Amino acid sequence: MIIGLYVPGESIVHRFSAGPKLIAMFCIGYTMAVVDGPMALATLAMCIAFVFVFIAGLRLQHLWTATRPLVIWIGIIAVAQIGIADAQTAANVILRLLALVWTASIVTYTTRLTDMTAVIARLCEPLRPLGVSPDRVAFLIALTIRLIPAVFDTVRGVREAQRARGLERVYLAGFIPVLTRVLRQSDDLSDALVARGFERWDGS
Amino acid sequence: MTARDTVLIALFSALTAALGLLPPIPVPLVPVPVTAQTLGVMLAGCLIGPKRASLAILLLLVLVTIGLPLLSGGRGGLSVFFGPSVGYLIGWTFGAGVIGLIVDRMGSTLLASFVANCVGGIGVVYAFGIPAMATVLDLPLTTAALASAAFLPGDLIKAGVAATVAVAVRRAYPEAGR
Amino acid sequence: MIELDQVSIRLQDRIVLDDISVSISEHRIGVIGDNGSGKSTFARLLNGLIVPDSGFVKVQDLDTRNDGKEIRSRVGFLFQNPDNQIVMPTVAEELELGLKPLKLKVADRARRVEEALERFSLTHLADRSAHLLSGGEKQLVALAGVMVTEPEILVCDEPTTLLDRRNATHVMRLIAELSCQVIVITHHFEHLHDFDRVLVIANGKITNDGPAKLTIRQYMETLT
C-alpha cells in the first residue's frame with residue numbers, strides 16, 4: 001500500500017479547496033521569481049515557514065522532509081555560485097529555492113489525494129476534443145495506485161528468489177522475470193477490463 | 001485507447017514507481033548512487049512503443065503531482081516541480097517516447113535498444129534537465145552540464161542494462177510491443 | 001443459452017480447440033480437463049474475449065464475433081487470479097467500477113454496491129485496500145464485482161485454483177447458489193457433484209458430456 005504525502009489536519013489551509021490553493025501557490029511562486037535581494041527573500045522564506053508550521057499546523061518534521069532532498073543542491077549552489085558570482089547571489093538562489101519548495105509542499109501536505117485527482121481531471125476537460133476523457137484519466141490514476149504495490153511485490157519477490165539461490169548481486173537477471181510477469185499480467189488485466197465492459201464506458 | 005493500452009500504460013507507470021522504491025545501488029567509480037528509476041523509463045520506451053511509453057511516464061508525473069512519494073528517495077508532491085531536477089522529469093516523458101520511436105525504426109536488437117536508450121534516455125533527458133537546472137539554480141549552462149556529468153556513468157550502465165533486459169524480455173514474450 | 005457450432009481455435013500451428021459443437025442451457029455446468037486441454041480458451045469463447053477462427057459461438061442468439069460488447073454486458077466472467085481482475089484501490093470502488101457502463105444514478109449505484117457488499121459479507125472491508133486482503137477475500141471481491149452488474153450468465157475460469165480448501169469450498173458454495181446460469185471451468189471437480197451437467201475437455205475436444213456424478217467418475221477412472 002502506498003501512502004500519500006497528505007497530512008490530515010483541521011487548519012484553515014486544509015479547509016481551503018484544492019483549486020484556489022494551487023492558484024495561490026502559483027501567485028506566490030511568481031512573486032518569488034520577481035523579488036530579489038537576500039533580505040526580501042529571507043523574509044519571504046520565513047513567512048512561508050511560519051505558515052507551514054503555525055497556520056497549516058504541520059510539524060517541523062514535515063518541513064525537514066520537504067527540505068532534505070535540497071540539501072545536496074544547496075551545497076552545489078553554494079560552491080558554484082560563490083565560485084562564479086558572489087555569496088549574495090548564492091543566498092538569493094538558495095532562499096528562493098527553499099521558499100518555492102516549501103510553498104508547494106504546503107499545498108501537497110494539506111490537500112487530499114482525491115481532491116488533487118479531481119483538479120487534474122478538471123484540468124483535462126479542455127482536452128476532451130483531443131480524445132482525453134477526464135473520467136479515463138481518473139481511472140488510470142486509480143488503476144496505477146492499485147498496481148504499484150503489486151508490481152513492487154513482484155520486484156521484491158524476484159529479488160528474494162534470487163537471494164535464496166545465492167545470487168546476491170545479479171541485479172540484471174532479476175529484471176527479466178519481473179518484466180515477463182508484468183507483461184503477462186497485462187494480458188490478464190486487459191481481458192478482465194474488457195470482460196467488465198471497458199468498451200462500453202464513455203469516450204472509448 | 002484500448003483496454004490493453006490502458007493496462008500497459010498503468011503497469012509501466014507502476015513499474016517505474018516501484019523501481020524508484022528500491023534502495024539506490026552504489027556502483028564503484030560512480031560518484032552518485034545509481035537509482036533504478038530511469039531503468040523504468042528506458043524499459044517502457046524499449047518495450048511498449050513511443051506513445052504508451054510517454055503516457056506511462058506522464059502518468060507517473062501526474063501521480064507525483066497529486067502527492068504520492070513515488071520518485072526515488074521517496075520524493076513527491078508539487079515541490080519536485082520547483083526543484084532543480086524538474087527538467088529531468090519532463091525529459092523522461094519525451095525521452096521514453098524517443099526511445100520508442102528509435103526502437104520502432106531500427107528494430108529491437110541489442111545495439112538499437114542501447115543506442116535508443118542513450119539518445120532518448122540520456123540525450124533527450126539531459127537536453128531538458130540541464131537547462132532547467134541552470135535556470136532554477138541560476139548557473140551557467142556549462143556548470144549545470146558539469147554537475148550532470150556525475151550521473152553519466154550510471155546512466156550509461158542503465159542504458160546497457162535496460163537494452164539487455166528488453167531484448168531478453170522480447171525473446172521470452174514476443175508479443176510485448178503489440 | 002449458449003451454442004457453439006463447429007468451433008475451432010488455432011494458436012500458431014497448434015490446434016487449441018478442434019471442431020467443437022455443443023449447446024448449453026442447464027443452470028449449472030462444470031467443465032473439467034487437464035492443464036493445456038483448452039479449458040481456458042473454451043471459457044474465453046463464451047463471452048467473446050476470444051472469437052473462433054472457424055465456426056461460431058452464439059450467446060442468447062447473439063454472435064460473439066459481432067456483438068461482443070452486448071454479450072459481455074450479459075455474461076459475467078470470474079478469473080483464476082483475483083489480482084489480475086481487481087483494478088481499483090478499494091473494495092467499494094472495485095464494485096462500483098462494473099456499474100460504470102450502466103449509467104445509473106449515484107444513489108442507485110451506491111445502493112447496488114451496498115447490496116452486493118452485504119450479499120458476499122464484505123461490508124466490513126468496503127474501504128480497505130484490495131491489495132491487502134487475503135486470497136479468499138480477494139476472490140470474493142472479484143466475484144462481488146462481477147455479480148453487482150447482475151449478469152444473466154456467469155463464467156468462472158478456475159475460480160478456486162489459488163485458494164485453500166476452506167476458501168475454495170466457500171467461494172464454490174456461493175457460486176453454486178447463484179440464480180443465474182453458471183459455467184465453472186475447474187480441476188477441483190469435487191465441487192461439481194451437484195451440478196446439472198459436466199463436460200470433459202481433452203486435447204481440444206469434448207470427450208465426455210453428461211450428468212455430473214457419472215461424468216466425474218468416468219474422468220477419475222482415466223486419471224489412474
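First the proteins, then the strands, lettered A, B, ... as listed; each starts at 1. What you see is a predicted model, and the numbers here were worked out from it, not measured in a lab.
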Exercise. For side chain to side chain contact (heavy atoms under 4.5 Å, CB included), just list the numbers for B/Phe82 and A/Met25, CA-CA rounded to whole Å, side-chain angles, deciding distance to a tenth of an Å, and then say yes or no.
Key: CA-CA 11 Å; B/Phe82 292 92; A/Met25 178 191 78; 3.8 Å; yes
Exercise. I would like to know whether B/Phe12 and A/Leu147 meet side chain to side chain contact (heavy atoms under 4.5 Å, CB included); could you show each step before the answer?
Key: CA-CA 10 Å; B/Phe12 274 81; A/Leu147 288 174; over 6 Å; no
Quiz prompt | B/Val169 and A/Phe175: CA distance, side-chain angles, deciding distance, side chain to side chain contact (heavy atoms under 4.5 Å, CB included) verdict | solution = CA-CA 9 Å; B/Val169 168; A/Phe175 289 111; over 6 Å; no
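Ranked by non-hydrogen atom pairs under 4.5 Å with chain A, the options B/Leu15, B/Leu19, B/Thr6, B/Thr143 are led by B/Thr6. Heavy-atom pairs under 4.5 Å with chain B were tallied for A/Val194, A/Ile120, A/Val178; the largest tally goes to A/Ile120. Ranked by heavy-atom pairs under 4.5 Å with chain B, the first of A/Ile77, A/Val155, A/Leu143, A/Leu140 is A/Leu140. Of the listed residues A/Ile141, A/Asp153, A/Thr180, the one with more heavy-atom pairs under 4.5 angstrom with chain B than any other is A/Ile141. Your options are B/Ala17, B/Gly77, B/Pro84, and the one with the most heavy-atom pairs under 4.5 Å with chain A is B/Pro84. When the candidates A/Ile106, A/Asp115, A/Thr114, A/Thr144 are compared by the number of heavy-atom contacts under 4.5 Å with chain B, A/Thr144 comes out ahead.
Of all heavy-atom pairs between B/Ala168 and A/Ile176, the closest is CB-CD1, 3.6 Å. In terms of heavy-atom proximity, B/Ala18 sits nearest to A/Phe152 at O-CD1, 3.6 Å. Nearest heavy-atom pair, B/Met1 versus A/Arg136, reported as atom, atom and distance to 0.1 Å: O-NH1, 3.8 Å. Nearest heavy-atom pair across B/Ala14 and A/Val151 is CB-CG2, 4.0 Å.
Interface residue B/Ser13: backbone and side-chain heavy atoms are both found under 4.5 Å from chain A. Of the two parts of B/Leu146, neither the backbone nor the side chain holds a non-hydrogen atom closer than 4.5 Å to a non-hydrogen atom of chain A. Only the side chain of B/Leu70 comes within contact range of chain A, judged by heavy atoms closer than 4.5 Å. Contact of B/Leu11 with chain A is made through backbone and side chain together, with heavy-atom distances under 4.5 Å. Residue A/Leu113 touches chain B through both its backbone and its side chain, counting heavy-atom pairs closer than 4.5 Å. If you measure heavy-atom distances from B/Leu63 to chain A, the contacts under 4.5 Å come from the side chain alone. In this structure, chain A has no heavy atom under 4.5 Å from any part of B/Leu55. Proximity to chain B is limited to the side chain of A/Phe139, based on heavy atoms less than 4.5 angstrom apart. Neither the backbone nor the side chain of B/Thr16 comes within less than 4.5 Å of any heavy atom in chain A. Heavy atoms of A/Arg184 lying under 4.5 Å from chain B belong to its backbone as well as its side chain. Looking at B/Phe81, there are no atoms closer than 4.5 Å to chain A (heavy atoms on both sides), in backbone or side chain.
Looking only at distances, a side-chain donor or acceptor of A/Gln81 sits under 3.5 Å from a matching main-chain atom of B/Leu137. A/Ser186 places no side-chain N or O within donor-acceptor distance of the main-chain N or O of B/Val7, the cut-off being under 3.5 Å.
Counting non-hydrogen atoms of other residues, nucleotides and ligands closer than 6.0 Å to CZ of A/Arg156 gives a total above 12.
Atoms OG and CG, on B/Ser79 and A/Leu70 in that order, are 7.5 Å from each other to the nearest 0.5 Å. With values rounded to the nearest 0.5 angstrom, A/Asp187 atom CG is found 5.0 Å from B/Arg4 atom CZ. Separating the CD1 atom in B/Ile66 from the CZ atom in A/Arg112 is a distance of 14.0 Å, to the nearest 0.5 Å.
Partner of A/Val93 under the side-chain contact (heavy atoms from CB on, under 4.5 Å) criterion, out of B/Val136, B/Leu139, B/Asp138: B/Asp138 alone.
Looking at heavy atoms from C-beta onward, A/Val137 lies out of side-chain contact with B/Leu59 at the 4.5 angstrom threshold.
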